[in-house]
Amino acid sequence: QAQLRESGGGLVQAGGSLRLSCVASGRTFNIYGMGWFRQALGKEREFVSSINWLIDSTDYADSVKGRFTISRDNTESTVYLQMNSLKPEDTAAYYCAATVGVVPSRRRYEYAYWGQGTQVTVSS
């Protein structure tokens, strides 16, 4: 089992920035990649971004492309999500997730491990 812990959420004004972190611990040797998803109140959880640990390729939802950047720290099994030019519609609980044995994708069911989430609120 691996455990994921997110941090870095908070309240920010529109146009501002936040950086989310996700630390993986435990059995991390078979993690192929990690992703960020978000869930706004009353809506389904949606894909935000992912990073493939094997080849360092990244993917972004169209809604965040050009504003968010995903990166990783290999030595600390940590993934970051730098969020710039935040908009009120970015308000949601953000979840970190990891895939085991498969490369990360946009599909929630392919992620084996999930964090507890961190709230991001963007005021207008």
Side-chain angles (χ1 to χ4, degrees):
Q1 286 277 350
Q3 294 79 42
L4 306 180
R5 186 177 76 251
E6 306 98 334
S7 62
L11 173 65
V12 64
Q13 288 189 332
S17 299
L18 282 175
R19 189 175 83 154
L20 305 183
S21 301
C22 177
V23 179
S25 60
R27 294 170 62 91
T28 62
F29 64 90
N30 55 353
I31 289 178
Y32 277 32
M34 294 178 73
W36 288 95
F37 289 75
R38 67 186 182 187
Q39 187 167 17
L41 202 61
K43 295 188 176 181
E44 290 193 357
R45 193 169 298 188
E46 64 175 6
F47 170 80
V48 175
S49 182
S50 67
I51 184 165
N52 183 325
W53 283 16
L54 303 181
I55 60 174
D56 270 344
S57 63
T58 59
D59 187 23
Y60 298 92
D62 288 345
S63 59
V64 306
K65 199 172 294 183
R67 300 187 297 123
F68 291 11
T69 303
I70 191 170
S71 61
R72 67 174 290 208
D73 182 328
N74 294 357
T75 60
E76 297 186 3
S77 297
T78 301
V79 172
Y80 304 97
L81 186 68
Q82 177 67 42
M83 306 186 295
N84 298 329
S85 302
L86 282 161
K87 304 174 181 180
E89 51 263 44
D90 294 318
T91 295
Y94 282 71
Y95 297 89
C96 172
T99 60
V100 173
V102 295
V103 297
S105 71
R106 299 186 176 199
R107 295 180 286 273
R108 287 179 294 171
Y109 62 82
E110 293 189 350
Y111 289 78
Y113 301 121
W114 290 84
Q116 298 282 355
T118 184
Q119 179 66 34
V120 171
T121 303
V122 184
S123 63
S124 57

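- Of the candidates V64, L18, T91, T121, L18 is the only one forming a side chain to side chain contact (heavy atoms under 4.5 Å, CB included) with L86.
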Please table the atom pairs, donor to acceptor, closer than 3.5 Å between any side-chain atom in residues 20-35 and protein atoms at least two apart or in another chain.
none

Checklist entry - How far apart are the C-alpha atoms of E110 and V103, what are their side-chain angles, what is the distance that settles it, and do they pass the side-chain contact (heavy atoms from CB on, under 4.5 Å) test? => result CA-CA 9 Å; E110 293 189 350; V103 297; over 6 Å; no
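- In this structure, V79 is not a member of the same hydrophobic cluster as W114, with clusters built from ILVMFWY side-chain heavy atoms closer than 4.5 Å.
- When every heavy atom of A14 is checked against every heavy atom of S124, the shortest pair comes out as CB-CA, 4.4 Å.
- Surrounding CD of Q119 are more than 12 heavy atoms belonging to other residues, nucleotides or ligands, all under 6.0 Å away.
- Cation-pi geometry between R45 and Y95 is satisfied (NZ or CZ under 6.0 Å from the ring centre, within 45° of the ring normal).
- Grouping the Ile, Leu, Val, Met, Phe, Trp and Tyr side chains by contacts below 4.5 angstrom, directly or via other members, places I51 with V100.
- Distance check, rounded to the nearest 0.5 Å: NZ of K87 to CZ of R67 gives 4.5 Å.
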Next on the checklist: Set out, in order, the CA-CA distance, both residues' side-chain angles and the distance that settles side-chain contact (heavy atoms from CB on, under 4.5 Å) for R38 and E46, then state yes or no.
Outcome noted: CA-CA 5 Å; R38 67 186 182 187; E46 64 175 6; 2.7 Å; yes
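- Atoms CZ and OG, from R19 and S7 in turn, are 9.0 Å apart once rounded to the nearest 0.5 Å.
- In terms of heavy-atom proximity, S49 sits nearest to L81 at CB-CD1, 4.2 Å.
- Shortest non-hydrogen contact noted between L4 and C96 is CD1-O, 3.7 Å.
- At least one side-chain heavy atom of V120 sits under 4.5 Å from a side-chain heavy atom of M83.
- Residues Q39 and K43 come closest through the heavy atom pair NE2-O, 3.1 Å.
- Taking the six-membered ring where the residue is Trp, Y111 and F37 present perpendicular rings, their angle passing 60° and hence far from 30°.
- Residues S17 and N84 share a closest heavy-atom pair of OG-OD1, 2.9 Å.
- Under a 3.5 Å cut-off, the side chain of R106 and the backbone N or O of F47 do not form any donor-acceptor pair.
- Taking every heavy atom of both residues into account, Y60 and T69 meet most closely at OH-CA, 3.3 Å.
- Remark: L54 CG is packed, more than 12 non-hydrogen atoms of other residues, nucleotides or ligands lying under 6.0 Å away.
- Residue pairs meeting the disulfide (SG to SG under 2.5 Å) criterion with at least one partner in residues 36-87, sequence neighbours excluded, are absent.
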Next on the checklist: If you apply the rule salt bridge (charged side-chain N to carboxylate O under 4.0 Å, His left out), what do you find for K65 with D62, and how did you get there?
Outcome noted: CA-CA 5 Å; K65 199 172 294 183; D62 288 345; 3.4 Å; yes
